[in-house]
Amino acid sequence: MNFTPTEDQLAVQKTAREFAQQEVLPKAAEIDREHRHPAELVKRMAELGFLGMAIPESYGGAGLDHVSYAIAMEEISRACASTGVIMSVNNSLVCDPIYRFGTDAQKQEWLTPLASGKLLGCFALSEPEAGSDAAAQKTTAERDPSGDGWVINGTKNWITNGPVADVCVLFTMNDKAAGHKGITAFILPMDTKGVRCGPPDDKLGIRGSKSSQIYLDDVRLPAGLVLGEVGGGFKVAMSTLDGGRIGIAAQAIGIARAALEDALAYAQQRRTMGKAIVQHQAIAFKLADMATEIDAARLLCLRAAYLKDAKQPYGREAAMAKLFASDVANRAAREAIQIFGGNGYVTEYPVERHFRDAKITEIYEGTSEIQRLVIAGYLAKGG
Ligand SMILES: Cc1cc2nc3c(=O)[nH]c(=O)nc-3n(C[C@H](O)[C@H](O)[C@H](O)COP(=O)(O)OP(=O)(O)OC[C@H]3O[C@@H](n4cnc5c(N)ncnc54)[C@H](O)[C@@H]3O)c2cc1C
């Protein structure tokens, strides 16, 4: 692994940092307060090439690597975690599986507009009774008796971008007896008859990210919209989540950095007992621990991204990165509130938002318990 960023990676960091600081950060509190989908920032991310970063230019992407993607995700999430997850879903959970499993025709029709940001995507795996147990899919896909297509019925839960998405990577059960080998993925245009979103979820954090249930009522899809092989959907889902965990790890690192940078600035100007609180060792040590853990989390995240770019196995490393980075984000946000004292507890200052935003990183794309199961699974296999 090379610790020296390439010129491209440095350029991405500069662009992402400027965009995040100048255009995203000034709106972050309002996006959170108003529970507002930041459509204008999504449009800007499309212009900057941030919605299909690791997709080749021939399919509408920016043709960059996953290290660049992790770098940009961190910068944008440092400013606004809601904007970060909108970007992460489109890159990791929508463009990536269509690129890896789609036919050329599917890539031309769907990947190109998604990667260039003309369309926005969502990823619908979870159901009311299938979260951690993703193989327990109840959404059915049956052969359409009137043609060569499929008829889909079911309910998906907590689908990020759902209410604002144009396209969905959808998972269904087409053969219950076959267990996880009976799961099939589809590319679902969200304007298909029979598709309906519930009201947006009222969430603790990432309030600018719209998520909802998706109801599928006799949705008819042609065979040409099967993504990958019939019965191959579980592989599509699990391999996609491996990559997604790099994005969520980077999001968590961005939130942790926001907590550290805000807490450091506050500690330098807030005075008690004749000195700035940063000069009290109890406060300085908290900041030192936060900085150390953030660097460690970033190294884990970049290692996973580097391995993905090198086309080497990276599932274990991505799970470790997400597990550790989400823990770091929650700890950093909690300590930032402590450093702010009473001011940390009120919405006038940003750290209570970081605290609320951090929590989701321990839940979605596999809870921390599931990351430990994944890592332990690799250990059991000797990896
Ligand atoms: C804001 C938000 C956005 C989301 N976005 C999406 C999205 O875009 N697409 C999508 O498909 N899903 C999405 N999800 C769903 C998310 O991935 C699930 O909530 C998550 O995987 C956990 O599933 P669950 O909520 O059903 O919890 P459960 O699976 O019911 O788990 C409950 C608890 O039990 C633990 N647990 C479960 N099984 C085990 C086990 N075998 N061993 C040890 N502990 C276990 C869990 O870790 C957790 O602590 C989103 C969720 C939220 C809240």
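One is the number of the first residue; the rest follow in order along the sequence. All ligand and atom numbering here is 1-based and tracks the order in the structure.
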Practice prompt. Return each pair, listed once, that meets side-chain hydrogen bond (donor to acceptor under 3.5 Å, both in side chains) where at least one residue sits in residues 212-234; pairs must be two or more places apart or across chains.
Written response: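 Pairs touching residues 212-234 that pass the test: Asp144-Arg220, Asn153-Asp218, Asn157-Gln213, Gln213-Tyr215.
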
Dump the pairs for me: ligand 1 N or O, protein N or O, distance under 3.5 Å, to 0.1 Å.
unit_1	atom_1	unit_2	atom_2	d
ligand 1	5 (N)	Trp158	O	2.7
ligand 1	5 (N)	Thr160	OG1	2.8
ligand 1	8 (O)	Thr160	N	3.0
ligand 1	8 (O)	Thr160	OG1	3.4
ligand 1	9 (N)	Phe123	O	2.8
ligand 1	11 (O)	Leu125	N	2.9
ligand 1	11 (O)	Ser126	N	2.8
ligand 1	11 (O)	Ser126	OG	3.2
ligand 1	12 (N)	Ser126	OG	2.7
ligand 1	23 (O)	Ser132	N	3.3
ligand 1	29 (O)	Ser132	N	3.0
ligand 1	29 (O)	Ser132	OG	2.6
ligand 1	47 (O)	Thr367	OG1	2.6
ligand 1	47 (O)	Glu369	OE1	2.7

Practice prompt. Determine which pairs satisfy salt bridge (Lys or Arg N to Asp or Glu O under 4.0 Å) with at least one residue from residues 88-112, sequence neighbours left out, and list them in order.
Written response: Asp96-Arg100, Asp96-Lys308

Worksheet item: Where does the angle between the aromatic ring planes of Tyr349 and Tyr266 fall among parallel (under 30°), tilted (30 to 60°) and perpendicular (over 60°)?
Response: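 Answer is perpendicular, since the angle exceeds 60°.
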
N/O donor-acceptor pairs under 3.5 Å from side chains in residues 162-176, not counting sequence neighbours:
unit_1	atom_1	unit_2	atom_2	d
Asp166	OD2	Leu120	N	2.7
Thr172	OG1	Thr184	O	2.9
Asn174	OD1	Thr184	OG1	2.7
Asp175	OD1	Ala177	N	3.3

Item to complete: Return yes if some donor-acceptor pair links the side-chain N/O of Ser92 with the main-chain N/O of Val89 below 3.5 Å, else return no.
Response: no

Practice prompt. Go through the side-chain N and O atoms of Thr139 and Glu127 and say whether any donor and acceptor fall under 3.5 Å apart.
Written response: yes

